[in-house]
Amino acid sequence: MAQSSSNNGGTDQVLVEERASVRTIILNRPKQLNALSFPMISRLLELFHASEGDSNVKMIILKGNGRAFCAGGDVTAVVHNVRQGNWKLGADYFREEFTLNYLMATYSKPQVSILNGIVMGGGLGASVHGRFRVATEKSVCAMPETALGLFPDVGASYFYSRLPGFFGEYAGLTGARFDGAEMLACGLATHFVPSERLPFLEQALGKVNTSDPDVISTIISRFSNIPKLKAESPYHKMKIIDRCFSQRTIEEIISSLENEALNKKDDWISSTIQSLKKASPTSLKISLRSIREGRLQSVGSCLVREYRMVCHVLRGEFSKDFFEGCRALLIDKDKNPKWEPSRLELIRDDDVDRYFSKIDDEDWEDLKLPPRSNLPPYAIAKL
């Protein structure tokens, strides 16, 4: 087995192992929980393009070193750049990341992501778009963006809007965390393999000499089992989630949850209300609309729209909540963001509309998605 890596600014942030027809790509910033730096995203794009063109590579395995698969994008670096007065450097980061998400979503060869640990934000973007996602008892995933003044991005408006019922609205608006059993139940994961079986799974996959997803799925299934959902799992609350999170507006979602709370004492309902009340009001409004629009859009259209949205967030014309959220949660860590506007009722529909419009800047352009060809049926379905 050959191992190689690219030297990114003196750090080997992405490692590559070759085994027969399988290329294993390892995210290697364990101290930062494999948060995706700009050089990592560029290197992943390079590797995915090269692997697609290499007829010797039949399959890609993507995994993380240490206790995380990937804790998301390196947003503190993005915020640092934008604070220096250059929002476009931040936009460049998201443009590369969203292009990688699109490439993974429309990839012509199976990508098997091994989610043995923390999977947050951009970590979901780097895995859920691929063909196979293997969760374990150590998996924990979330898209906590509304608590940061952002919105579920990296194509989440595509994959969250396709979860059962209104579970995607619940997950995206509250930033709720799910374990491996819940990831499998709702479809974020395709398989669940106990972590002690992973070395044997990788060994078996290493012998694969085909890109046939049925063959690969059969191999993964040999090591899989169906875990039991914990008694207090929100997945058991689907009736309430569908009743409340199908409401037209954030205000109506919250008041329907408050009505449910009057009818029965339930810690889950009160903590769900708390999560929504702690989040950025602007984030909640744009996130709900984004997920609702995503239900009817292709993965490419979702990423183009999310790129517009993230550019508006970075420019901070209407709200600077993203910078305040990063300050409060990631930099100063006082966990006490001061959102502005501070209340849902201060945000009008046309304020929300603005996030979905083109940027008024002559140098700016929409996300340009790379042309794709020779796609397998499961990738074509997303277009």
Please confirm whether the backbone N or O of [Y] pairs with a side-chain atom of [X], one donor and one acceptor, at under 3.5 Å?
X	Y	value
R43	V14	no
N28	G64	no
N34	N65	yes
Y107	E52	yes

Hydrophobic clustering (ILVMFWY, side-chain heavy atoms < 4.5 Å, transitive) - are [Y] and [X] grouped together?
X	Y	result
I25	L103	yes
F159	Y378	no
M309	V75	yes
V310	F322	yes
V134	V140	no

Answer yes or no: does atom [atom1] of [X] have more than 12 heavy-atom neighbours from other residues, nucleotides or ligands under 6.0 Å?
X	atom1	result
R292	CZ	yes
R162	CZ	yes
K88	NZ	yes
K382	NZ	yes
H236	NE2	yes
K230	NZ	yes
D360	CG	no

Rounded at 0.5 Å granularity, tell me how far [atom1] in [X] sits from [atom2] in [Y].
X	Y	atom1	atom2	value
F151	T146	CZ	OG1	12.0 Å
L188	L115	CG	CG	9.5 Å
S37	L27	OG	CG	9.5 Å
H80	I331	NE2	CD1	10.0 Å
I380	S298	CD1	OG	13.5 Å
I359	W87	CD1	CH2	5.0 Å

Exercise: identify the closest heavy-atom pair between [X] and [Y]:
X	Y	value
M238	P164	CE-O, 3.4 Å
S51	V57	O-CB, 3.8 Å
G122	C70	C-SG, 4.4 Å
R348	D351	N-OD2, 2.8 Å
C186	Y235	CB-CE1, 3.6 Å
N116	S195	OD1-CB, 3.5 Å

Check: Given L36 and L44, is the side chain to side chain contact (heavy atoms under 4.5 Å, CB included) satisfied, shown in steps?
Finding: CA-CA 10 Å; L36 296 169; L44 287 167; 4.0 Å; yes

Next item on the list: Quick one: sort the F178 and Y170 rings into parallel, tilted or perpendicular, breaks at 30° and 60°.
Entry: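 Aromatic pair F178/Y170 classed tilted.
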
I'd like to check [X] versus [Y] (side-chain heavy atoms, cut-off strictly below 4.5 Å). Are they in contact?
X	Y	answer
V79	V82	no
V154	M143	yes
F69	L62	yes
K338	N336	yes
L148	L330	yes
E145	S287	no
L367	Y102	no
E306	Y158	no

Item checked: Candidate pair D349 and K285, rule salt bridge (Lys or Arg N to Asp or Glu O under 4.0 Å), full reasoning -> CA-CA 9 Å; D349 287 349; K285 292 227 166 179; 5.2 Å; no

Note to self: Checking L284 against I253 for the side chain to side chain contact (heavy atoms under 4.5 Å, CB included) test, could you report, in this order, the C-alpha distance in whole Å, the side-chain angles of both residues, the deciding distance, and whether it holds?
What the structure shows: CA-CA 11 Å; L284 289 174; I253 289 172; over 6 Å; no

Next item on the list: Could you walk me through whether K63 and E202 pass salt bridge (Lys or Arg N to Asp or Glu O under 4.0 Å), step by step?
Entry: CA-CA 11 Å; K63 61 183 193 173; E202 286 187 58; 2.9 Å; yes

Would you say [Y] and [X] are linked by a side-chain donor-acceptor pair, where the criterion is simply a distance under 3.5 Å?
X	Y	value
R305	S290	yes
N86	N81	no
T76	D74	yes
S157	E293	no
S108	N374	no

Salt bridge or not between [X] and [Y]? Use side-chain N to carboxylate O under 4.0 Å.
X	Y	answer
E365	R95	no
K239	E260	no
K264	D266	no

Notebook entry, point to check: Checking salt bridge (Lys or Arg N to Asp or Glu O under 4.0 Å) for the pair D212/K58: CA distance, chi angles, key distance, verdict?
Noted result: CA-CA 9 Å; D212 182 341; K58 302 287 191 229; over 6 Å; no

Note to self: So that I know where these two stand, are F200 and F223 an aromatic pair - ring centroids less than 6.0 Å apart?
What the structure shows: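 No; F223 has its ring centre 6.0 Å or more from that of F200.
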
Check: Can we call the ring centroids of F167 and F245 under 6.0 Å apart?
Finding: no

Note to self: For F318, does the six-membered ring have the charged nitrogen or CZ of R354 within the cation-pi criterion, i.e. under 6.0 angstrom from the centroid and within 45° of the normal?
What the structure shows: no

Checklist line | R248 to F166, cation-pi by 6.0 Å centre distance and 45° axis angle | finding: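 No, R248 does not sit over the ring of F166.
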
Notebook entry, point to check: K277 and I254: side chain to side chain contact (heavy atoms under 4.5 Å, CB included), yes or no, with the steps?
Noted result: CA-CA 9 Å; K277 290 191 167 172; I254 292 174; 4.1 Å; yes

Item checked: Stepwise side chain to side chain contact (heavy atoms under 4.5 Å, CB included) test for L314 and V78 -> CA-CA 9 Å; L314 293 172; V78 172; 4.1 Å; yes

Next item on the list: Apply the test salt bridge (Lys or Arg N to Asp or Glu O under 4.0 Å) to residues E182 and R177: give CA-CA distance (whole Å), side-chain angles for both, the deciding distance (0.1 Å), then the verdict.
Entry: CA-CA 9 Å; E182 291 162 333; R177 293 182 168 212; over 6 Å; no

